[in-house]
Amino acid sequence: MRHWLCKSEETCYSIADLERDGRAGWDSVRNYQARNFMRDQMKVGDLILYYHSNADPTGVAGIARVSKTGVADPTQFDPRSEFHDPKSTKDDPTWIMVEVEFVERFRGVVTLASLRKEPSLAGMTVLAKGNRLSVMPCDPDHFRIVRAMGRALGKR
DNA sequence: GCCAACGTTGGC
DNA sequence: GCCAACGTTGGC
């Protein structure tokens with residue numbers, strides 16, 4: 001089983017939204033590297049650190065799990081969507097996503113600052129300078145450390 | 001709002 | 001294939 005870190009803008013779709021909905025398509029990703037991770041490497045059951053970007057504070061807010069793979073992102077076919085891709089066809093869709101399900105929500109947020117302060121997380125992909133990927137692999141040890149930090153904040 | 005860093009586009 | 005210009009991400 002692989003581990004991942006996925007970013008979502010908190011105001012766009014937060015861990016609280018996922019908790020409410022139970023599951024959601026990880027749609028609107030328009031970066032080939034992120035798409036390739038979802039399309040080629042994610043498996044049902046993989047665990048995801050749910051990261052809030054553009055948030056106050058920014059950081060890991062909970063855990064999700066891959067519940068379905070190989071789903072065509074519906075926004076690519078919607079002419080009214082800002083993520084509409086007129087070059088993509090239903091027979092051969094460009095943007096393949098996964099569906100994720102809610103696992104747990106931390107009482108607070110494991111902030112980016114606290115991730116940077118933790119020596120055992122040195123080398124974590126999300127901390128790399130200039131990293132703008134919204135979907136990236138996460139070392140299993142790093143995953144467990146961050147989850148423990150989150151749970152130490154108390155559980156809802 | 002600023003800006004660093006990176007991805008994409010398109011001219012050549 | 002190179003690279004400049006532009007757009008986007010995302011922290012601050």
Inset, instruction - Determine the interplanar angle of the Phe143(A) and His3(A) rings, folded into 0 to 90°, and report it as parallel if under 30°, tilted if 30 to 60°, perpendicular if over 60°. - result: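 Phe143(A) vs His3(A) ring planes: tilted.
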Legend entry - Under 4.0 angstrom between Tyr51(A) side-chain N/O and dG11(C) OP1 or OP2: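 Looking at the OP1 and OP2 atoms of dG11(C), one of them is under 4.0 Å from a side-chain N or O of Tyr51(A).
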In whole angstroms, how far is the [atom2] atom of [N] from the [atom1] atom of [X]?
X         : N       : atom1 : atom2 : answer
Glu9(A)   : dT9(C)  : CD    : P     : 8 Å
Leu127(A) : dA5(B)  : CG    : P     : 16 Å
Asn131(A) : dT8(C)  : CG    : P     : 19 Å
Asn31(A)  : dC6(B)  : CG    : C1'   : 10 Å
Gln33(A)  : dT8(C)  : CD    : P     : 19 Å
Lys129(A) : dC6(B)  : NZ    : P     : 8 Å
His52(A)  : dG10(C) : NE2   : C1'   : 15 Å

Legend entry - Nucleotide nearest Tyr32(A) when distance is taken to its side chain, options dG7(B), dT8(B), dG11(C):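 From the listed options, dT8(B) comes nearest.
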Inset, instruction - With the side chain of Lys7(A) defined as its heavy atoms from C-beta on, choose the nearest nucleotide among dG10(C), dG11(C), dA5(B). - result: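 Nucleotide nearest to Lys7(A)'s side chain: dG10(C).
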Legend entry - Point-to-point distance, once rounded to the nearest 0.5 Å, from NZ of Lys7(A) to OG1 of Thr58(A):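 It comes to 8.0 Å.
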Inset, instruction - By nearest nucleotide on DNA chain C, pick out whichever of Asn54(A) and Arg132(A) is the more 5' one. - result: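 The answer here is Arg132(A).
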Legend entry - Pair of N/O donor and acceptor under 3.5 Å linking dT8(C) base with Arg30(A) side chain: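 Counting by modelled atom types and ignoring angles, no donor-acceptor contact under 3.5 Å is found here.
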Legend entry - Partners meeting salt bridge (charged side-chain N to carboxylate O under 4.0 Å, His left out) with Glu99(A) (sequence neighbours left out):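 With sequence neighbours excluded, Glu99(A) shows a salt bridge (charged side-chain N to carboxylate O under 4.0 Å, His left out) to Arg23(A), given in chain and number order.
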Legend entry - Contacts of type salt bridge (charged side-chain N to carboxylate O under 4.0 Å, His left out), residue Arg30(A), not counting sequence neighbours: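 Salt bridge (charged side-chain N to carboxylate O under 4.0 Å, His left out) check on Arg30(A) returns Asp73(A).
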